[in-house]
Protein chains: 2
Amino acid sequence: MSDETRNGGTGRPSAGADTASILLDAETRLHGGGDHRSELRLWLRLLTLTNLIESEIRSHLRAEFDVTLPRFDLMAQLEKAAEGLTLGELSRRMMVSAGNVTGLVERLVQDGLVERRPAPGDRRSALVSLTPAGRAGFEAMAHAHGDWVGDLFSDLTPVDIEALMVLLARAKASARTSAQRQEGVSATSHKLSKEPSNV
Amino acid sequence: MSDETRNGGTGRPSAGADTASILLDAETRLHGGGDHRSELRLWLRLLTLTNLIESEIRSHLRAEFDVTLPRFDLMAQLEKAAEGLTLGELSRRMMVSAGNVTGLVERLVQDGLVERRPAPGDRRSALVSLTPAGRAGFEAMAHAHGDWVGDLFSDLTPVDIEALMVLLARAKASARTSAQRQEGVSATSHKLSKEPSNV
DNA sequence: CGTAGATATTTTAAGCTTAAAATAATTCGG
DNA sequence: CCGAATTATTTTAAGCTTAAAATATCTACG
């Protein structure tokens, strides 16, 4: 979550990137002499925009509904699942750790916005769903939330939005593929700290 | 930080959005009957992508350098500021609260990666900068970080990247304008919880 | 000079978040 | 039916994060 962050900052002179690098690209990558300058700028911009919006939404939620963003997120998931969701399913959909969800649900149950009951047919699982109060509260928040997001993007044309949707989908596909490639690649462990390296 | 989150989920029938809505748009917004469906989908996609990348970078940093993302972020800011930065400047650039930076710097000083000294000419301020160890450590991380990001976006063409840069800049401008508009708009306080409303 | 307001930072309390280890229940292959 | 592997969840320890209140210092204005 940083504004000018993660740009690599090596200050290395560009290998003449930007345009006309289409043909060179594959070779560059093959030789490991990658530049990644434009990708880093893209990531930075993406991150800044997301942070900006997220923090805007967070403060609206707090000021107008006295609710935190993660709680709103969780309720949003439940609102879409009439039958309720297991903790594991919530964890996957929210893209957060299982332990995180445990605590979040606990607090929402205390607030009376959410309820949990044993899942039928699997004694390990619990089903979580909105209480009537939770559903009503969420409805109001969702309406306001839509307005905020609409407002945040109000200077974009429908064409801009559609173009972004397409490009972001492409980026998402790229990132997923890359993440999958990395899955199960053993670490090289450089370590900065001074712990006894148990190699 | 949610996958399918914050879509409003009201299930309201569309007012015929998507194409041909350019002319209707202004009026729709004026009358407050906004739909915001496409904006919400855009926000969701943006958020999912950012979460995906962020979590990938986080796990690389942990596995290969035993460092957290916020610490990397902070070091990245310092790397670009030869003279060092004040805590306040760090807070602004990282887009996090001041108190957050206090603790982060504390821990990095303990690790020997960062040092703080009184700012000349202002006894309230401290200047923070990388130690030689911090600089060396960051250099290695930044290099690897560039590779990861390059890899995450490796299926995008230079044209895709350029188009995204332009559109994201536009979105950022829109969001900033909107956030500014909201600045200092008194809250309507609906509140979900059951505290005594001190109105 | 003196003080009111602004600015820089720290402290506090509460909540969020993660990774990893621990429990518990289920499934699957023999 | 048994045990190994898998899956669902909780627990733990550490760290991150925020908003708000508290300190400390500075700046400007009279």
Side-chain angles (χ1 to χ4, degrees), chain A residues 1-2 5 51 54-64 66-75 84-111 113 116-128 187 193 195, chain B residues 1-2 5 51 54-75 84-111 116-128 187 193 195:
Chain A
M1 319 263 180
S2 157
T5 278
N51 284 167
E54 204 164 54
S55 115
E56 196 63 19
I57 292 175
R58 187 193 312 279
S59 88
H60 274 294
L61 281 175
R62 179 179 302 272
E64 292 166 40
D66 194 32
V67 137
T68 64
L69 185 48
R71 289 180 198 200
F72 175 75
D73 268 9
L74 196 152
M75 292 173 78
L85 293 173
T86 63
L87 293 168
E89 196 48 35
L90 273 171
S91 163
R92 268 185 295 281
R93 297 195 189 187
M94 297 176 71
M95 308 201 295
V96 301
S97 69
N100 192 349
V101 173
T102 297
L104 233 23
V105 167
E106 225 163 54
R107 290 184 287 270
L108 282 167
V109 167
Q110 285 209 320
D111 286 356
L113 300 172
R116 53 179 295 171
R117 65 199 139 96
D122 189 337
R123 274 174 302 174
R124 295 169 302 179
S125 284
L127 276 180
V128 184
S193 42
E195 280 130 44
Chain B
M1 318 256 178
S2 156
T5 278
N51 284 167
E54 204 163 55
S55 116
E56 195 65 17
I57 292 175
R58 187 194 311 280
S59 89
H60 274 296
L61 281 174
R62 179 179 301 272
E64 293 166 40
F65 296 99
D66 194 34
V67 138
T68 64
L69 185 49
R71 290 182 197 200
F72 175 74
D73 268 9
L74 196 151
M75 292 174 77
L85 293 172
T86 62
L87 292 167
E89 196 46 37
L90 272 171
S91 164
R92 268 184 296 281
R93 297 196 189 188
M94 295 176 71
M95 308 200 295
V96 300
S97 69
N100 191 348
V101 173
T102 297
L104 234 24
V105 166
E106 225 163 53
R107 290 183 288 270
L108 282 167
V109 167
Q110 286 208 320
D111 287 355
R116 54 178 294 171
R117 66 201 139 93
D122 190 337
R123 274 175 302 173
R124 293 170 304 178
S125 283
L127 277 180
V128 184
S193 42
E195 278 131 45

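A, B, ... follow the sequence lines: proteins, then strands. Residue 1 opens every chain.
Computed from coordinates, the A:Leu113 CG to C:dG15 P distance equals 14 Å when rounded to whole Å. Note: CG (A:Leu69) to C1' (D:dT18) measures 12 Å, nearest angstrom. With rounding to whole Å, A:Glu54 atom CD is found 14 Å from D:dC16 atom C1'. Rounded to whole angstrom, the span from the CD atom of A:Gln110 across to the C1' atom of C:dA14 amounts to 13 Å. As rounded to whole Å, 11 Å separates atom P of C:dG15 from atom CG of A:Asp66. D:dC16 atom P lies 9 Å from atom CG of B:Asp111, rounded to whole Å. C:dT9 atom P lies 14 Å from atom CG of B:Asn100, rounded to whole Å. Per the geometry, CZ belonging to A:Arg58 stands 9 Å off C1' belonging to C:dC16, to the nearest Å.
Among the protein residues, B:Gly99 comes within range of the nucleic acid bases, having at least one heavy atom under 4.0 Å from a base atom. Within the nucleic acid shown, A:Ser125 comes within 4.0 Å of sugar-phosphate atoms alone, with no base atom in reach, counting heavy atoms only. Among the protein residues, A:Thr86 comes within range of the sugar-phosphate backbone only, with heavy atoms under 4.0 Å from sugar or phosphate atoms but none that close to a base.
Judged by distance alone, with hydrogens and angles left aside, A:Arg124 brings a side-chain donor or acceptor within reach of the base of D:dT7, the pair sitting under 3.5 Å.
Judged by distance alone, the side chain of B:Ser91 and the main-chain N or O of B:Val96 form a donor-acceptor pair under 3.5 Å. When atom types are taken as modelled, the side chain of A:Asp111 and the backbone of A:Leu113 share no donor-acceptor pair closer than 3.5 angstrom.
Along DNA chain D, the nucleotide closest to B:Leu104 and the one closest to A:Ala126 are compared, and the more 5′ of them pairs with A:Ala126. In terms of position on DNA chain D, the residue among A:Leu127 and B:Gly103 whose nearest nucleotide sits closer to the 5' end is A:Leu127. Comparing B:Ser59 and A:Thr68 against DNA chain C, the residue whose closest nucleotide sits nearer the 5' end is A:Thr68.
Closest to the side chain of A:Arg92, out of D:dT9, D:dA8, C:dA8, is D:dA8. Considering only the side chain of A:Arg71, C:dG15 comes nearest among C:dG15, D:dC26, C:dT9. Nearest to the side chain of B:Asp122, among D:dT11, C:dA8, D:dA8, sits C:dA8. Picking from C:dG15, C:dT9, C:dT10 the nucleotide with the shortest atom distance to the side chain of B:Thr102 gives C:dT10. Here the side chain of B:Arg107 is nearest to one of D:dG15, C:dT18, C:dA8, namely D:dG15. Of the candidate nucleotides D:dT25, C:dG15, D:dT9, D:dT9 has the atom lying nearest to any side-chain atom of A:Leu87.
Once rounded to the nearest 0.5 Å, the distance linking CZ of B:Arg116 with OG1 of B:Thr86 reads 10.5 Å. Remark: B:Met95 CE to B:Leu90 CG distance equals 13.5 Å, nearest 0.5 Å. Atom-to-atom distance recorded for B:Phe72:CZ and B:Arg58:CZ is 13.0 Å, nearest 0.5 angstrom.
In this structure, the side chains of A:Val128 and A:Leu85 stay at 4.5 Å or more apart for every pair of heavy atoms.
OP1 or OP2 of D:dT17 has not a single side-chain nitrogen or oxygen of A:Arg62 nearer than 4.0 Å.
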